[in-house]
Amino acid sequence: MGLKVTSGPTVKSVLLDTYPNAFTRHPHLLSVVNERSAKRKQAFLCIDGDVMLKSMPKSVCRFDEVVRIVRNRLMSSIATAALTVVVFDEPDAVPEAKKEEQQRRDAGKGGSAGVACSSDIMPATWTDFYTLEQLRASTSVRQIAECRASRMRLYDAVIMEVLPELSATLARWGKKRGRNESGGQEPDDEPCGGAIIFDGIDHRGASRGAEEVREAGIVSSDEAVGRLFVREHAIGEGDLKLPAVRLRHAALVAAGSIPPHVMASPTSDAPHLALCVTIDSDAYPIELIRHGTHGAAGGVHLALYERSMEKDKPGSYLVCSVGMLHQKILERTWGISRASTLALTDQRATMTMFAAAWSLCGCDFIHPFGMRVRQAENAVLTVLRGREARRALDAIATVWSDSSAAPAAATATASELVEAPAVKILQHIAELTSREMRSASECKRVREATLTRVGDPGDAVLLRAYWVASYWNEVLHRNAAAFGFGLSSA
């Protein structure tokens, strides 16, 4: 779902307005690769699979129709990039705080208890217990996909249905030598068939027994390459899988572990192009934090698909160069000279502070309460340009690192956490945002009660923002109740 607001411009629109040079728009992903003068053999594509399968046309209601659409979309993907990884959520590994948000969302849609359907095709309520034969016969595939209890078996079945044809296509391409622009053979161009990997799929598809536990893992057109992406610990959310997989790819490339029949080795003249595809705007703070953590090695282009507002007009991809956006934010915050020498830890802290401010404006974990994005950003700039900047950076850094000045977040109680330096900084940002909104012409119609709430959002909201900032920094606090989860006020 990503970042959200109830009023005023969104995070995405503010970033696009403030840093237009970091964004381009494209009709399809191949256009992105071509614009950057890359070739297929140099391109890496990481796709949010849940988004792909949830975005079926409303008219689709049968399994074979879903398979056909997914096959066509993935054929386009593997034709665009030599290595494609499609990631899926792993529900069993989703943190409790995220499950609470999902339950609230499901309750709002009335879909948490399952979907009634014809008993001659399926059980009276959708569950995870149905066969491939039942799935093929069903005319209610959309309802299966919309029900959280039943969708993962469907996803498994679809992917295992399309994988053989994708694998055969890649194998066939691997036997052909590259061609230059005039149509002749490139003598130094080795065959590069490529590979496609699915992260978070049970290889048994819908053939898994009714009582057998789902085992999400890696399935791939190339088993050896797939094994390179196996991780020790599961990642529940696809939003966090995307950067994890991409950084794994970067590490494998740096180590020379990607075989040449899958991707060409990068050179100074022909670097790899990494492209992550989703619709969730929380990819912006997550990727900015990763860039601040890993530096140039974390470079990526984010492609967010946007539907057209005009009927019968195709959508497009808003593509962001995360490296350029990261640099522009640093330059705006610290000035060009200091931005070029800022330590990685301070870059990470800078991005984390903006990310935390955006989360306060509204996200999956914090219900929007009126805080405006532009004014929240101005509040962060005021803090980081002031005399207390060093203290603020050190304080926000405690969301991912231990500090003697902060309580041990993993075991702390809510009463201890509200005194944490990071929470105090977030409260200060909220107060400054309220002041900014009071003086901004675009906020002149905002009610006094909203302005007061923005300036003092309450402990539960501030603790959730602390938790989100940690989560986006790859630190998961499992004591969710101590961070305000389970409280309706947040």
Side-chain angles (χ1 to χ4, degrees), residues 1-4 12 29 44-56 66 70 73-74 77 81 83-103 105-106 145-159 162 196-202 214-220 226 229-250 274-290 298 300-306 317 320 322 355 359 363-365 468 471-474 476:
M1 294 294 289
L3 304 171
K4 59 198 77 174
K12 182 169 65 175
L29 296 176
F44 169 74
L45 197 58
C46 197
I47 302 171
D48 188 323
D50 291 84
V51 168
M52 177 181 66
L53 278 160
K54 290 175 184 175
S55 61
M56 294 291 115
V66 176
V70 171
R73 289 179 179 178
L74 292 178
S77 297
L83 181 56
T84 297
V85 181
V86 186
V87 305
F88 291 87
D89 290 353
E90 296 185 36
D92 290 342
V94 168
E96 290 302 316
K98 181 63 177 181
K99 290 179 181 178
E100 176 187 311
E101 181 272 331
Q102 291 174 340
Q103 290 167 359
R105 194 192 313 170
D106 289 344
E146 290 175 351
C147 179
R148 202 175 299 279
S150 59
R151 68 169 59 131
M152 298 315 297
R153 183 180 286 259
L154 169 65
Y155 291 1
D156 294 339
V158 171
I159 296 308
V162 302
I196 185 166
I197 298 167
F198 298 95
D199 184 333
I201 291 297
D202 190 319
R214 183 173 186 269
E215 297 177 357
I218 298 285
V219 296
S220 175
F229 286 83
V230 173
R231 70 179 64 83
E232 184 177 353
H233 301 291
I235 299 176
E237 275 201 90
D239 293 344
L240 295 183
K241 258 193 191 182
L242 287 170
V245 168
R246 179 182 55 74
L247 288 169
R248 176 60 178 163
H249 167 259
L275 194 60
C276 284
V277 185
T278 183
I279 61 170
D280 292 337
S281 54
D282 54 4
Y284 291 119
I286 292 171
E287 288 290 2
L288 286 167
I289 289 171
R290 294 297 179 279
V300 66
H301 287 77
L302 269 179
L304 269 68
Y305 182 77
E306 297 180 342
Y317 290 92
C320 170
V322 176
S359 77
C363 66
D364 284 350
F365 306 98
V468 171
Y471 186 51
W472 287 345
N473 271 280
E474 301 177 275
L476 174 58

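The basis for the numbers below is simple: all heavy atoms, side chains too, and nothing from hydrogens, waters or symmetry mates.
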S.K.: Indicate the atoms forming the closest heavy-atom contact of I197 with G226, along with that distance.
M.R.: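 Looking at all heavy atoms of both residues, the closest pair is CD1-CA, 4.1 Å.
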S.K.: Could you tell me if the side chain of L304 sits less than 4.5 Å from the side chain of Y284, heavy atoms only?
M.R.: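 Yes, at least one pair of side-chain atoms sits under 4.5 Å.
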S.K.: Can you confirm whether V70 sits close enough to M52 that some side-chain heavy atom of one is under 4.5 Å from a side-chain heavy atom of the other?
M.R.: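 Counting from C-beta outward, V70 and M52 do come under 4.5 Å.
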S.K.: How long is the span from the CG atom in L45 to the NE2 atom in H301, to the nearest 0.5 Å?
M.R.: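 That separation rounds to 13.0 Å.
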S.K.: Only counting residues at least two apart or in another chain, list the ones meeting salt bridge (charged side-chain N to carboxylate O under 4.0 Å, His left out) with R73.
M.R.: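 Listed in chain order: nothing, the list is empty.
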S.K.: Do R231 and D199 have side chains that get closer than 4.5 Å, going by heavy atoms?
M.R.: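 Yes, at least one pair of side-chain atoms sits under 4.5 Å.
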S.K.: Partners of E215 by side-chain hydrogen bond (donor to acceptor under 3.5 Å, both in side chains), sequence neighbours excluded?
M.R.: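 With neighbours one apart ignored, the set is empty.
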S.K.: Could I get the full list of ring pair (Phe, Tyr, Trp, His ring centres under 6.0 Å) partners for F44, not counting sequence neighbours?
M.R.: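 So F44 forms a ring pair (Phe, Tyr, Trp, His ring centres under 6.0 Å) with H249.
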S.K.: Can you tell me which residue pairs pass the salt bridge (Lys or Arg N to Asp or Glu O under 4.0 Å) test with a partner in residues 83-92, sequence neighbours excluded?
M.R.: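 Counting only pairs at least two positions apart or across chains, the salt bridge (Lys or Arg N to Asp or Glu O under 4.0 Å) contacts touching residues 83-92 are E90-K241.
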S.K.: Say you draw a straight line from CD of E237 to CG of D364; how long is it, rounded to the nearest 0.5 Å?
M.R.: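 Rounded to the nearest 0.5 Å, the CD-CG separation comes out at 7.0 Å.
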S.K.: Measure the shortest side-chain to side-chain distance between D156 and R214 over non-hydrogen atoms and say whether it is less than 4.5 angstrom.
M.R.: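 When only atoms from C-beta onward are counted, R214 and D156 do touch, with a gap below 4.5 Å.
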S.K.: Would you indicate whether the side-chain heavy atoms of S77 and I47 approach each other to under 4.5 Å?
M.R.: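 Contact flag for I47/S77 side chains = yes.
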S.K.: Find out whether L83 and F229 are in side-chain contact, i.e. whether some heavy atom of one side chain is under 4.5 Å from a heavy atom of the other.
M.R.: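 Yes, side chains in contact.
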S.K.: Kindly compute the distance separating CZ (R290) from CG (L242), expressed to the nearest 0.5 Å.
M.R.: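 The CZ atom of R290 sits 10.5 Å away from the CG atom of L242.
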S.K.: Let me confirm one number: the CD1-CD1 distance from I196 to I159, rounded to the nearest 0.5 Å.
M.R.: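 Going from CD1 on I196 over to CD1 on I159, the span is 7.5 Å.
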S.K.: By side-chain contact (heavy atoms from CB on, under 4.5 Å), which residues pair with P95, not counting sequence neighbours?
M.R.: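 Only K98, W467, Y471, L476 meet the side-chain contact (heavy atoms from CB on, under 4.5 Å) criterion with P95.
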S.K.: Can you sort out the partners of A355 under side-chain contact (heavy atoms from CB on, under 4.5 Å), two or more places apart, ordered by chain and number?
M.R.: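 Applying side-chain contact (heavy atoms from CB on, under 4.5 Å) to A355 gives P285, I289, W472.
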S.K.: Is there a side-chain contact between R153 and D202, using heavy atoms and a 4.5 Å cut-off?
M.R.: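 Answer no - side chains too far apart.
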S.K.: Using the test side-chain contact (heavy atoms from CB on, under 4.5 Å), find all partners of E96 that sit at least two apart in sequence or belong to another chain.
M.R.: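 Scan of E96 (side-chain contact (heavy atoms from CB on, under 4.5 Å), adjacent residues dropped) gives K99.
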S.K.: Just jot down the ring pair (Phe, Tyr, Trp, His ring centres under 6.0 Å) partners of Y317, sequence neighbours excluded, or say none.
M.R.: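 Per chain and number, Y317 pairs via ring pair (Phe, Tyr, Trp, His ring centres under 6.0 Å) with Y305.
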S.K.: Identify, with sequence neighbours excluded, every residue that meets side-chain contact (heavy atoms from CB on, under 4.5 Å) alongside V51.
M.R.: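 Result, side-chain contact (heavy atoms from CB on, under 4.5 Å) vs V51: D48, T278, I279.
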S.K.: Going by heavy atoms in the side chains, are K54 and Y155 under 4.5 Å from each other?
M.R.: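 Of all side-chain heavy-atom pairs linking Y155 with K54, at least one is under 4.5 Å.
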